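From a predicted model like this one, the values you see are computed outputs, not experimental measurements. Chain letters run A, B, ... following the sequence lines, proteins first, then strands; residues in each count from 1.
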Amino acid sequence: MKALFALQPLQDWRHREPVPTFAPRFRKIPAERTTLDHPNKRRLAVASDPTTNPPPPDTNDHAEVRLAKLKQIEALGVDPWGQRFDGHQPIAGIRELPCEPFDDANPGPKVRAAGRVVGRRKMGKVYFLDLADQTGKVQVMLGSKQIGDLGWKVAELLDLGDLVGIDGEFGKTKMGEPTIRGKELTFLTKSLEPHPTGYYGMSDEEYRLRHRYLDLIYTPDTLRRAHQRVKLLRTLRNYLDDKGYLEVETPTLHAIAGGAAARPFPTHHNALDIPLYLRIALELPLKRLLVGGIEKVYEIGRVFRNEGISRRHNPEFTMLELYHAYGDLFTMMDLTEGIFVACVNAIGNSRTLSYGERQIDFSQPWPRVKYADVFKQTTGVDLFDRDGVKAKAVSLKIPLELKSQESAAFSASETAPQVATTAPKEHDVLVHELFEHCVEPELAKSDKPTFVYDYPAALCPLTKRKRDTPELAERFELYVAGMELANAYTELNDPITQEATFRRQLTGLSAEDSMAKMDEDFVRALRHGMPPAGGLGIGIDRLVMLLTNTTTIRDVILFPLLRQE
RNA sequence: GCCCCGAUAGCUCAAUUGGCAGAGCAGCUGACUCUUAAUCAGCGGGUUGUAGGUUCAAGUCCUACUCGGGGCACCA
């Protein structure tokens, strides 16, 4: 196929209609284009009929001006959409070459670069371009004498945002700027839309999100974060692979969206004519793999939750879930520290990273505090003191009853199902509200990552109870800089308890909102014997936020969900 | 779903108490073969997010809507 394209005559592209441009929201569309006409009808007509004289371009319509230049480039016999351009060197690499003042007797090293024109200055019969590729920026000098007749004509038609290739010599200008002195200019692609002018950058959040491609070019942090995200994921995978964990991929489409308490996105399979859901967690398939004898297993994958959007939530996000046969909560604690430290090392050269105003110290060991202890310390109330907890809640104006909508979320309860429109809150639920209200703000002050472990049992029905204290479950959450970064459990492997939990939750409550829907197949898997195991979940987007000092999840996800314009 | 804030030229931002919508960059024309946020001379560029309302007069005040931001709710 490639060869075919390469052999196509120039005419092929010259007589093809250009890809229609889409009028961006922020450019005013002239009145005559606003009704039934395609917004680009006028431009397309110009492009597809080179025999008639195009109307003089409106010099205030940037797209018109650029389209007119495109026509002129075509008229020179040059392909405005470019061709294969081999052998160009990364700009960052070029900049490391020996760089001497230009001297006709001693030309500098020959180089070939390709990239986007992000700056353009004219000085008489010389153009200076700033050329940027993904590795960096370099100045290019195009002198009318040096670049040839055609090259000069093309140079005069360049706009900011165009892509060009350049062959030339690398050296220094009189002002000492490292520069490629162009010998040959290869036009690679026209930009029909104006680009941001760069110097002031792009500050409008909406503009950046809806033009992420421009954001990547003109906001260095955006590209940096994208690279760091990749680096972190690679580090994570290497670390786990080295420890003998097997990475797997399990289905995204689930018949029963289990493993977490969240609303799923429904969908439908046509041939089977069955309803399906996008997964809300990775847990249940991975545990089946534990039954299947894969003793250390993990998946890094997208999960989908039909929830609100905030600076910490995107409806689709990336989770790491990991299961370790014959391990437990504390196996996961050690592993979590190891993973985080490996990631911190990959990002910087210190065990301390800044996050916002503060410095987070990742050096080990990290504090490990019992839920009950830290609860008692901050609230002054004993976890198991039902009256004391109630009184404390009253004093903090935390309501003792749930609305029916809320009750569904805590359907994983020990007590009878709550079908009434209001119901008294369960003790454990109240405890956790106090925890969120009193303890979490305290935890957020710590500059060290902190494990909180042994949670009230009703909050975690897929978790093993403590043998000596069945009111508590073997779960930890990792708090760093006020965020919940990781969650781990000693997994419940008792199918009888599991089935009872599922059944209990099914009674009288919205299955959509409840954590566990009856999953017969999963119970059957457990009945065949799942090893005791530790399980760990890490929100990858939040991990990347933390380690790249980013305050909003939108900036660690290249294309976060937005409303249609 | 709720509350608050915002939207002005391609980009970044001004516009006093309701009183002629402005600037820098970008664009167009011209000068300049060492500029680099080039410079210099000149020229264009706007249904002030949309739709209504109040007023002699609305970018500015009121209502609704759209989109975005922040918060709440939802959320292992």
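Of the candidate nucleotides B/U35, B/C74, B/G68, B/C74 has the atom nearest to the side chain of A/His313. Listed nucleotides: B/U12, B/G10, B/G27. Nearest to the side chain of A/Lys69: B/G27.
Within 4.0 Å (heavy atoms only), A/Arg208 reaches no atom of the nucleic acid at all. Among the protein residues, A/Gln564 comes within range of the sugar-phosphate backbone only, with heavy atoms under 4.0 Å from sugar or phosphate atoms but none that close to a base.
Using a 4.0 Å cut-off, some side-chain N or O of A/Ser203 falls inside it from OP1 or OP2 of B/C13. Phosphate contact (OP1/OP2 of B/A37, side-chain N/O of A/Arg120, threshold under 4.0 Å): absent. Residue A/Arg563 places none of its side-chain N or O atoms closer than 4.0 Å to OP1 or OP2 of B/U66.
In terms of the side chain to side chain donor-acceptor pair (under 3.5 Å) criterion, residue partners of A/Asp221 (sequence neighbours excluded) are, by chain and number, A/Arg224. For A/Phe375, the ring pair (Phe, Tyr, Trp, His ring centres under 6.0 Å) test picks out no residue, with sequence neighbours left out. By the side chain to side chain donor-acceptor pair (under 3.5 Å) test, A/Arg121 is found to be paired with A/Asp130, A/Gln139, residues two or more places apart in sequence or in another chain being considered. Among residues two or more places apart in sequence or in another chain, the side chain to side chain donor-acceptor pair (under 3.5 Å) test is passed with A/Tyr455 by none. For A/Lys153, the side chain to side chain donor-acceptor pair (under 3.5 Å) criterion is met by no residue, not counting sequence neighbours.
Under the salt bridge (charged side-chain N to carboxylate O under 4.0 Å, His left out) criterion, the residue pairs touching residues 476-493 of chain A are A/Lys287-A/Glu491, A/Arg475-A/Glu477, with sequence neighbours excluded. Sorted by first and then second residue, the salt bridge (charged side-chain N to carboxylate O under 4.0 Å, His left out) pairs with a member in residues 300-324 of chain A read A/Arg302-A/Glu316; sequence neighbours excluded.
As a whole-Å value, the separation of A/His211 NE2 from B/U12 P is 10 Å. Separating the CD atom of A/Glu156 from the C1' atom of B/G27 is a distance of 16 Å, rounded to the nearest angstrom.
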Distances under 3.5 Å between protein N/O atoms and the N/O atoms of nucleotides 30-34 of chain B, please, pair by pair.
residue	atom	partner	partner atom	Å
B/C32	N3	A/Gly124	N	3.1
B/U33	OP2	A/Lys125	N	3.3
B/U33	O4'	A/Met123	O	3.3
B/U33	O4	A/Lys145	N	3.3
B/C34	O2	A/Lys174	N	2.5

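Classification of A/Asp167 and A/Lys183 as a salt-bridged pair fails, no side-chain N sitting under 4.0 Å from a carboxylate O.
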>> Expected output check: what is the dot-bracket annotation of RNA chain B, where ( ) and [ ] are pairs inside the strand (brackets for crossing ones), | is paired with another strand, and pairs are Watson-Crick or G-U under 3.5 Å?
In response: (((((((..((((.....[..)))).(((((.......))))).....(((((..]....))))))))))))....
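Taking atom P on both nucleotides, B/U50 is separated from B/G46 by 14 Å, rounded to a whole Å.
Side chain of A/Asp149 to main chain of A/Trp152: no donor-acceptor pair is present (N/O by atom type, distance under 3.5 Å, no hydrogens or angles).
Taking 3.5 Å as the limit, the base of B/U35 and the side chain of A/Gln139 contain a donor-acceptor pair of atoms between them.
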